[in-house]
Number of protein chains: 2
Amino acid sequence: MPEDPSAVDAAQLNAYFALMDVAGLLKHAVEQQLREDGDLSFIQFQLLARLGLGSPTGSERMTDLADGVVYSRSGLTYQVGLLDKAGLVTRAPSPDDDRGVTVTITDAGRERIATVMPGHGEVLKRLLQPLAAVDAETITELLSPVRDHMRAAPPRSAAPRRRR
Amino acid sequence: MPEDPSAVDAAQLNAYFALMDVAGLLKHAVEQQLREDGDLSFIQFQLLARLGLGSPTGSERMTDLADGVVYSRSGLTYQVGLLDKAGLVTRAPSPDDDRGVTVTITDAGRERIATVMPGHGEVLKRLLQPLAAVDAETITELLSPVRDHMRAAPPRSAAPRRRR
DNA sequence: TATTGTTATACTCTATAACTATA
DNA sequence: TATAGTTATAGAGTATAACAATA
């Protein structure tokens with residue numbers, strides 16, 4: 001049994017597998033619900049939720065959106081383009097920087113979120129049933145720092161360009 | 001402020017968002033590593049790991065693989081086909097049931113796992129850094145029941161067929 | 001009849017590189 | 001020169017339905 005000193009510790013490895021499995025199963029389930037109830041992909045839902053629930057103004061710049069979701073720029077352009085075409089967001093030049101594009105959720109976008117949320121909640125309640133309220137809080141407390149750590153790390157939306 | 005009784009509780013909702021964000025960022029990072037170090041997709045890695053590390057014989061039936069990863073049958077056939085073409089697994093009729101196909105990892109498959117594991121561990125160590133060993137164990141303990149619950153739930157590989 | 005797995009097909013999503021425009 | 005965003009393109013992945021074969 002060779003001991004590999006560069007190996008990640010077993011506890012983290014198990015957490016990693018559990019995390020990826022749960023997230024994968026969960027994503028699969030909610031994607032189905034979002035498609036059926038609101039004709040939305042998971043990422044479109046994330047973007048709408050970020051604009052509609054996370055932003056006080058309902059607006060954000062493309063770059064900020066990209067950093068939140070961690071996406072290629074072109075992928076984000078594509079998804080926002082779909083939302084735009086569906087009338088769920090609008091795009092306009094950023095007021096302070098004419099290079100930028102500010103994305104704003106529309107009333108229809110907010111309605112769409114309201115449409116899918118009940119069903120979304122039901123799926124979550126059903127699948128996360130083993131997770132008591134206290135457990136859920138514990139998970140959030142443990143994972144939030146990880147999320148912040150990863151978002152602060154090098155690979156952000158602009159990185160692919162800088163890296164050459 | 002309308003109180004929606006069908007709404008999922010806030011603690012679970014936050015855990016859900018944290019979970020999906022972390023898993024998304026993590027997957028993005030490891031996919032890059034797996035592609036660079038071993039020309040593997042994440043799912044191919046999951047399949048190889050399940051066969052090479054999770055199974056005592058190195059073999060599993062397609063249906064069992066599908067239930068583990070939760071995939072469409074055709075998607076699994078596609079991915080296993082790629083692994084087969086790359087010489088990392090072999091496929092043979094199941095000994096007890098001639099309808100079934102038993103997938104077995106090859107020596108080359110085991111070598112491929114060994115090749116990517118060090119780099120994989122490094123990525124995990126770097127990204128999960130905020131997660132102390134105790135925290136990691138806590139997460140595993142909290143998420144494992146969720147995983148089991150979700151895998152036991154209706155939507156399995158055969159379900160789409162049964163459901164009509 | 002029901003289940004296992006494959007195939008054909010069509011579609012969605014994603015990334016890379018080249019490009020335009022503004023700072 | 002560097003950054004913001006779009007576009008063209010090409011490739012990977014996924015799901016649905018129809019299919020063949022076995023239980």
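The chains referred to below are lettered A, B, ... by the order of the sequence lines, with proteins before strands, and numbering in each begins at 1. Keep in mind that the numbers below use all heavy atoms, side chains included, and drop hydrogens, waters and symmetry copies.
- The stretch residues 32-44 of chain A participates, sequence neighbours left out, in these salt bridge (charged side-chain N to carboxylate O under 4.0 Å, His left out) pairs: A/Arg35-A/Asp39.
- The base of D/dA4 is not paired with the side chain of A/Thr63 by any donor and acceptor separated by under 3.5 Å.
- Between A/His28 and D/dG13, a side-chain N or O to OP1/OP2 separation shorter than 4.0 Å is absent.
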Next item on the list: Before giving the answer on salt bridge (charged side-chain N to carboxylate O under 4.0 Å, His left out), spell out for B/Asp21 and A/Arg151 the whole-Å C-alpha distance, their side-chain angles and the decisive distance to 0.1 Å.
Entry: CA-CA 10 Å; B/Asp21 286 348; A/Arg151 283 202 173 137; 3.3 Å; yes

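- Taking atom CZ of residue B/Arg35 and atom P of nucleotide C/dT14, one finds them 15 Å apart after rounding to whole Å.
- Nearest-nucleotide positions on DNA chain C place B/Met62 closer to the 5' end than the other of B/Met62 and A/Asp98.
- Here D/dA12 presents its P atom at 16 Å from CG of B/Leu34, a figure rounded to the nearest Å.
- Applying the 4.0 Å criterion to OP1 and OP2 of D/dT14, one finds that B/Gln79 has a side-chain N or O inside that range.
- Whole-Å rounding puts the A/Asp64 CG to D/dT3 P distance at 15 Å.
- Aromatic ring pairs are classed by plane angle as parallel below 30°, tilted from 30° to 60° and perpendicular above 60°; the pair B/Phe42 and A/Tyr16 is perpendicular.
- Atom-to-atom, CD of A/Glu31 to C1' of D/dT16 comes out at 16 Å; the value is rounded to the nearest Å.
- Of the candidate nucleotides C/dA17, C/dT12, D/dA15, C/dT12 has the atom lying nearest to any side-chain atom of A/Tyr78.
- Between A/Arg99 and A/Thr77, the one whose closest nucleotide on DNA chain D sits nearer the 5' end is A/Arg99.
- Of the candidates C/dT22, D/dT22, D/dG13, the closest approach to any side-chain atom of B/Asp97 belongs to D/dT22.
- A close approach under 4.0 Å does occur between a side-chain nitrogen or oxygen of B/Ser41 and OP1 or OP2 of D/dG13.
- Of the candidate nucleotides C/dA23, D/dT16, C/dT16, D/dT16 has the atom lying nearest to any side-chain atom of B/Ser72.
- At a threshold of 4.0 angstrom between heavy atoms, the contacts of B/Leu82 are confined to the sugar-phosphate backbone, with no base atom among them.
- At the heavy-atom level, B/Leu76 lies nowhere under 4.0 Å from the strands shown.
- A donor-acceptor pair shorter than 3.5 Å can be found between the side chains of A/Thr102 and A/Ser94.
- Between A/Asp96 and B/Gly100, the residue anchored nearer the 5' end of DNA chain C, judged by the nucleotide with its closest heavy atom, is B/Gly100.
- Distances shown here put every side-chain N or O of A/Arg73 at or beyond 4.0 Å from the OP1 or OP2 atom of C/dC19.
- Between C/dT14, D/dG13, D/dA17, one nucleotide has an atom nearer to the side chain of A/Ile43 than all others, and that is C/dT14.
- One interatomic measurement links the two molecules: CG of A/Leu47 to C1' of C/dC13, which rounds to 13 Å at whole-angstrom precision.
- Nucleic acid contact for A/Ser94: none, since no nucleic acid atom lies under 4.0 Å from a heavy atom of the residue.
- What separates CG of B/Leu40 from P of D/dG13 is a distance of 10 Å, to the nearest Å.
- Apart from B/Val134 itself, the hydrophobic cluster it occupies contains nothing, where clustering links Ile, Leu, Val, Met, Phe, Trp and Tyr at side-chain heavy-atom distances under 4.5 Å.
- Between D/dA15 and A/Gln32, no contact under 4.0 Å exists linking OP1 or OP2 to a side-chain N or O.
- In this structure, A/Arg61 places its CZ atom 11 Å from C1' of C/dA23, rounding to the nearest Å.
- The number of heavy atoms from other shown groups lying within 6.0 Å of CG (A/Asp96) is above 12.
- Atom P of nucleotide D/dT6 and atom NZ of A/Lys85 are separated by 13 Å, given to the nearest angstrom.
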